[in-house]
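A short worksheet on the structure shown next.
Order of appearance sets the numbers: ligands from 1, and atoms from 1 within every ligand. Numbering of residues begins at 1 and proceeds along the displayed sequence.
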Amino acid sequence: MLIDSISSSENIVAFTGAGVSTESGIPDFRSSEGIFQMDGEGFPPEVILSRTFFDQYPEKFFEFYKKFMVYRDVKPNRCHIALAKLEEAGKIRAVVTQNIDNLHTEAGSKNVVELHGNANKNYCMKCNKKYGAEYVLNSPSVPKCDSCNGTVRPDVVLYEEMLDEEKLYRAKWYIRDADMVIVIGTSLVVYPAAKLIKYFEGDKLVIINMTDTPFDSTAMLQIRQKAGYVMWKVAEALT
Ligand code: NAD
């Protein structure tokens, strides 16, 4: 049914979350092995990853961020690669992702809307000088700008911060215009990103996720299997 639906669609949006990257070895937030289960020295991860915490305890923020949010030597998995192949085949029009790991782009997807930013991009909060992920990872504690000594922060959206207006606009536009939306590997509980699904006006909503989501009852099809396995089968059949 999934393959037939994709086959008869031409304007598909993939809406992805941390679950598409677990098969690359990056933990998600809410699975049993997810980041929410890990030791944050007494603070819940959503508190540590908030703007208030970043401002008040930058050392603790970066200790957690470097340990759990930025990964060296990870590679796109079968789900990322399948989505890139389906884009190339003219099926997928855009990937709207909550992920910050850059793996969709590394897999070859061209039209990626990164709602929550990208951990490979960092900037000085004082002079705006740009830095890669290695600079942050190699800094002993809080990364400082080598030009002005300002704090270098990741270009990712922290809890309490607003999403980029232009990205939100593009994501809404793609989803509203789509003839099919495939949600993959997201609990759909992080707002406002999850709310974007409500802009879909069609009836072909598919959710590929290992656990329940609040949008399951509105989906044409729910698939409780690993994203890499499912999407690889689709790409094999259609590309
Ligand atoms: P989440 O942890 O809330 O949900 C992930 C979902 O994926 C879970 O429901 C889980 O059951 C499912 N899942 C895990 N592995 C799967 C697999 N192999 N196949 C299918 N489903 C699988 O994550 P979320 O909904 O993306 O939202 C939380 C936030 O997590 C986002 O803001 C995102 O920025 C951040 N985050 C990103 C990364 C990353 O960039 N890789 C990693 C962790 C967290």
Check your understanding: Does K130 come within less than 4.0 Å of D155, counting only side-chain N to carboxylate O?
Key ->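 Result for this pair is no, no salt bridge flagged.
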Give the atoms of ligand 1, by number and element, whose distance to some non-hydrogen atom of [X] is under 4.0 Å.
| X | value |
| --- | --- |
| S31 | 10 (C), 14 (C) |
| P27 | 42 (C), 43 (C) |
| T211 | 8 (C), 9 (O), 10 (C), 11 (O) |
| I26 | 41 (N) |
| V190 | 27 (O), 28 (C) |

Can you find an N or O of [X] that's nearer than 3.5 Å to an N or O of ligand 1?
| X | answer |
| --- | --- |
| I100 | yes |
| I208 | no |
| E23 | yes |
| A18 | yes |
| M210 | yes |

Quiz item: Among R170, H104, E87, whose side-chain hydrogen bond (donor to acceptor under 3.5 Å, both in side chains) with N111 holds?
Solution: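 Checked R170, H104, E87 against N111; only one passes side-chain hydrogen bond (donor to acceptor under 3.5 Å, both in side chains): R170.
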Report all side-chain donor-acceptor pairs from residues 46-54 shorter than 3.5 Å, counting only partners two or more places apart or in another chain.
| unit_1 | atom_1 | unit_2 | atom_2 | d |
| --- | --- | --- | --- | --- |
| S50 | OG | V47 | O | 2.6 |
| S50 | OG | F53 | N | 3.2 |
| R51 | NE | D55 | OD1 | 3.1 |
| R51 | NE | D55 | OD2 | 3.1 |
| R51 | NH1 | E161 | OE2 | 2.9 |
| T52 | OG1 | E160 | OE1 | 2.6 |
| T52 | OG1 | E160 | OE2 | 3.1 |

**Prompt:** How about E88: does its CD atom have over 12 heavy atoms from other parts shown lying under 6.0 Å from it?
**Reply:**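 No, the 6.0 Å shell around CD holds no more than 12 heavy atoms from other groups.
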Atom NZ of K85 with >12 non-hydrogen neighbours under 6.0 angstrom:
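Result for NZ/K85: open.
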- Looking only at heavy atoms, which two atoms of Y131 and S147 are closest? And how far apart?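 Minimum heavy-atom separation between Y131 and S147: OH-N, 4.1 Å.
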_Side-chain donor-acceptor contact under 3.5 Å, N102 with N118_ =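 Side chains of N102 and N118: pair found under 3.5 Å.
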Test item, G185 contacting ligand 1 (heavy atom, 4.0 angstrom):
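The answer is yes: ligand 1 sits under 4.0 Å from a heavy atom of G185.
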| field | Identity of the nearest option to atom 3 (O) of ligand 1, non-hydrogen atoms only, from R30, E114, H116, R224 | value |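 Looking at heavy atoms only, R30 sits closest to atom 3 (O) of ligand 1.
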**Message:** To check your reading of the model: name the closest protein heavy atom to atom 14 (C) of ligand 1, its residue, and the distance in Å.
**Reply:**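 Nearest protein contact, heavy atoms only, for atom 14 (C) of ligand 1 is D28 OD2, 3.2 Å.
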Atom pairs and distances, side-chain donor-acceptor, residues 188-203, under 3.5 Å, sequence neighbours left out:
none

Original post:
Run the salt bridge (charged side-chain N to carboxylate O under 4.0 Å, His left out) check on D216 and R224 step by step: do they pass?
Top reply: CA-CA 11 Å; D216 286 355; R224 293 263 156 76; 2.9 Å; yes
